[in-house]
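Chain A is the first sequence line, chain B the second, and so forth, proteins listed ahead of strands; every chain is numbered from 1.
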Amino acid sequence: MKRTHRCGELRAANVDQAVNIMGWVHRRRDHGGLIFIDLRDRTGLVQVVVDPQHAPAAHAVANEARAEFVLAVRGRVLMREAGRDNPNLATGQVEVHADEIELLNPARPLPFEVNRDVDVDESVRLKYRYLDLRRDRLKRNILVRHRIVKTMRDYLDAHDFTEIETPNLIKSTPEGARDYLVPSRIHPGEFYALPQSPQQMKQLLMVAGLDRYYQLARCFRDEDLRAERQPEFTQLDIEMSFADESDVMELVEGLYTRIAEECSERTLLFKPFQRLPYEEAIRRFGSDKPDMRFGVELVDLSEDVLGTQFNAFASVLASGGQVKAIVAPGWAALSRKETDALIEQAKQFGAKGLVTLGVGDDGETVHGGAAKFLTPDEVKRIIARSQARPSDMLLIVADQPATVADVLGRLRLDVGRRCGLIDDSKLAFVWVTGFPLLEWLPDEGRWHAMHNPFSAPVVMEVEALKAEPGSIGARQYDLACNGYEVGGGSVRIHKAEVQKAVFELLGLSEDEIREQFGHMLEAFEYGAPPHAGIATGLERTVMLMVDEPNIREVMAFPKNQAAMDLLMQAPSPVSPKQLDELHLQLKPD
RNA sequence: GGGCCCGUGGUGUAGCGGCCUAACAUGCCAGCCUGUCACGCUGGAGACCGGGGGUUCGAAUCCCCUCGGGCCCGCCA
């Protein structure tokens, strides 16, 4: 039997057609005489009717069939009689009357039911991923992922981009995340690294004159996992020559607008996308990837408590810190226990403490541990500044600016979530621009590239760069949405001497520069065009489009939080012979 | 490296010191049923409560250790 149609595509237009369909028994309803089978394939379900009078042999097969048996059905599409249709099914107006059923393969009872959407233990889902993928949720996500990828390719192709693959066995570099290493058999004691991103290769493609490049690039980072992080993931990697930030941002904005409109049920909150300078993002939202779907902005109270007797504030202000707050609507009624949990949370985020002030019903007085240290005037100013309303709670952090922003930024997300301020049907894309080029690492006493060492500084003069490295901006742009970082890119450095100066600022010695990045510097000397690019996370894009909170829900075969593949059981030990060939010896312990 | 949460028939839950010889739903098995669509009805099998140790007259229930899973901090852009 040869398949002629897909289950989910049969409609009234197919009535009277002879069809051969194949798929899985999604559900079987045995009426003693008639048997109904909902047959499922990738495209959906259709009801098969098996009548013992009409087709006794087919009925005998249907009688033995169980959930997830694989069947081939030869039959005729018939219109369902009035009242017998099923509006919940795309194919619900018709049904297939079976003439013949062939059992292609039976199935043992499954470890979990795939015909309903119940929570199943993650380890069971991952071990039987091929079954989980039969369920609607994952199947839908994988199909949407495909449509997003297709949209990316179509869009970029239409914009004259060339898809180019770059190698996965490359050179390890010290910057950034921990590398996955691959031992070399041919070169004892030496290793390849798997790419964290194809950054250098794509810039070299620009030097090569390939002009407009993109790739759906597999990237690898050996770091601990999170809900939105896997060791192996996919980036949409883009680079274009003779372009600046506006070219890249317009291109990507057009793409993501199209993706959102064609592949998501969520709608764009900002069209065009919001734009926010980095400094403002930090000041107002305490994050460089702010969730713009709700307010609860940070309020600076430093001026209002200037000269306060309250030591927690006074001492911080004296040492150049600031006092900022967010307003949690209705939280004045929080229990002591809940308030303590907030304080604990704030400390975990790096604050020395958290001052919580509940606003009284009068809208003028506050209660809470620190209330007694504040004068009525100070309270008045704080309430006026923050616009706190009766029964709201002020969450106040006094610390150095970076800590204040970070802690309040995270608490803000909690407040937004717990207070139901977030509209899940929206996508709030925002471009964050104007990042600093460098970031000072006090622990290591050196500068660190905020994005990557190839981002162009706003100032291209080497002297100016070296004079005031900390205050120089990068020509960088990040795309954030709903509190996730979707991607980031920059105009690149294309002049060898500027690139060299940045490496030097980052504390690399002449030798290190030559050894690690000599090929880049040399390439820039052979006619490198100005260029700019970006990389966005495919999985995060899909997560946003299908409103999933976890990256595993948008990957076919993800790893668990301990970076293990529970289906294939990787990683696993290898044979002594394999180790030997690779010139490796395991450390005892 | 650290913090928090979860772990009961195949799956999802209830039970949280004696009423548990562990309940419910679903799945599974058998029987009945010719228009259902989460079909229905009847009957049945199936967990000793992740594992180990302890407290107690008595533990699924309390404590400790351990294993497995998740979320977070660090890490990562």
Heavy atoms under 4.0 Å, any strand shown: does [X] hit a base, just sugar-phosphate, or nothing?
| X | value |
| --- | --- |
| A:R116 | base |
| A:D117 | nothing |
| A:D224 | base |
| A:H54 | nothing |
| A:R410 | sugar-phosphate |
| A:N560 | sugar-phosphate |
| A:R226 | base |
| A:Q561 | base |
| A:R221 | sugar-phosphate |
| A:Q345 | nothing |
| A:G176 | sugar-phosphate |
| A:N86 | base |
| A:R540 | nothing |

Give me the distance, rounded to whole Å, that separates [N] from [M] when you measure between the [atom1] atoms they each carry.
| N | M | atom1 | result |
| --- | --- | --- | --- |
| B:rC16 | B:rC62 | C1' | 10 Å |
| B:rC37 | B:rG44 | P | 26 Å |
| B:rG12 | B:rG58 | P | 33 Å |
| B:rG40 | B:rC33 | C1' | 8 Å |
| B:rC5 | B:rA23 | P | 30 Å |
| B:rG50 | B:rG9 | P | 7 Å |
| B:rG51 | B:rC76 | C1' | 35 Å |
| B:rA77 | B:rC64 | P | 38 Å |

>> Reading RNA chain B in the 5' to 3' direction, which nucleotide is the first one with an atom under 4.0 Å from a heavy atom of chain A, and which is the last?
In response: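 Nucleotide range with atoms under 4.0 Å of chain A: B:rG1 to B:rA77.
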
>> So, using side-chain hydrogen bond (donor to acceptor under 3.5 Å, both in side chains) as the criterion, who are the partners of A:Y214 when residues are at least two apart?
In response: A:E163

Watson-Crick or G-U wobble partner of [N], both distances under 3.5 Å:
| N | value |
| --- | --- |
| B:rA30 | B:rU42 |
| B:rC24 | B:rG12 |
| B:rC49 | none |

>> Parallel, tilted or perpendicular, judged at 30° and 60°: which one describes the rings of A:F503 and A:F517?
In response: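 Because their plane-to-plane angle is under 30°, the rings of A:F503 and A:F517 count as parallel.
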
> Any ion pair linking A:R6 and A:D41 (charged N to carboxylate O, less than 4.0 Å)?
Replying inline: no

> Does A:Q47 or A:A227 map to a spot on RNA chain B nearer the 5' end, using the closest nucleotide for each?
Replying inline: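 Looking at the nearest nucleotide for each, A:Q47 comes out on the 5' side.
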
>> Both A:N115 and A:V120 contact RNA chain B. Taking the nearest nucleotide for each, which residue is further toward the 5' end?
In response: A:V120

>> I need the full list of ring pair (Phe, Tyr, Trp, His ring centres under 6.0 Å) pairs touching residues 26-68 of chain A, with sequence neighbours left out, sorted by first then second residue.
In response: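 Matches after skipping sequence neighbours: A:H31-A:F36.
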
>> Tell me which pairs pass ring pair (Phe, Tyr, Trp, His ring centres under 6.0 Å) where either residue lies in residues 109-131 of chain A, with sequence neighbours left out.
In response: none

> Sub-3.5 Å donor-acceptor pair from the side chain of A:R540 to the main-chain atoms of A:E485, do we have one?
Replying inline: yes

Compile the donor-acceptor pairs under 3.5 Å between side chains in residues 64-72 of chain A and protein atoms, sequence neighbours left out, one pair per line.
| unit_1 | atom_1 | unit_2 | atom_2 | d |
| --- | --- | --- | --- | --- |
| A:R66 | NH1 | A:N63 | O | 3.2 |
| A:R66 | NH1 | A:E64 | O | 3.4 |
| A:E68 | OE1 | A:R40 | NH2 | 2.8 |
| A:E68 | OE1 | A:R134 | NH1 | 2.9 |
| A:E68 | OE2 | A:R40 | NH1 | 3.0 |

> Within a strict 4.5 Å, meaning less than it, do heavy atoms of the A:V248 and A:M240 side chains meet?
Replying inline: yes

>> Applying salt bridge (Lys or Arg N to Asp or Glu O under 4.0 Å) as the test, list every pair that has at least one member in residues 400-409 of chain A; sequence neighbours left out.
In response: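 Checked against salt bridge (Lys or Arg N to Asp or Glu O under 4.0 Å) - neighbours excluded - the pairs reaching residues 400-409 of chain A are A:D406-A:R410.
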
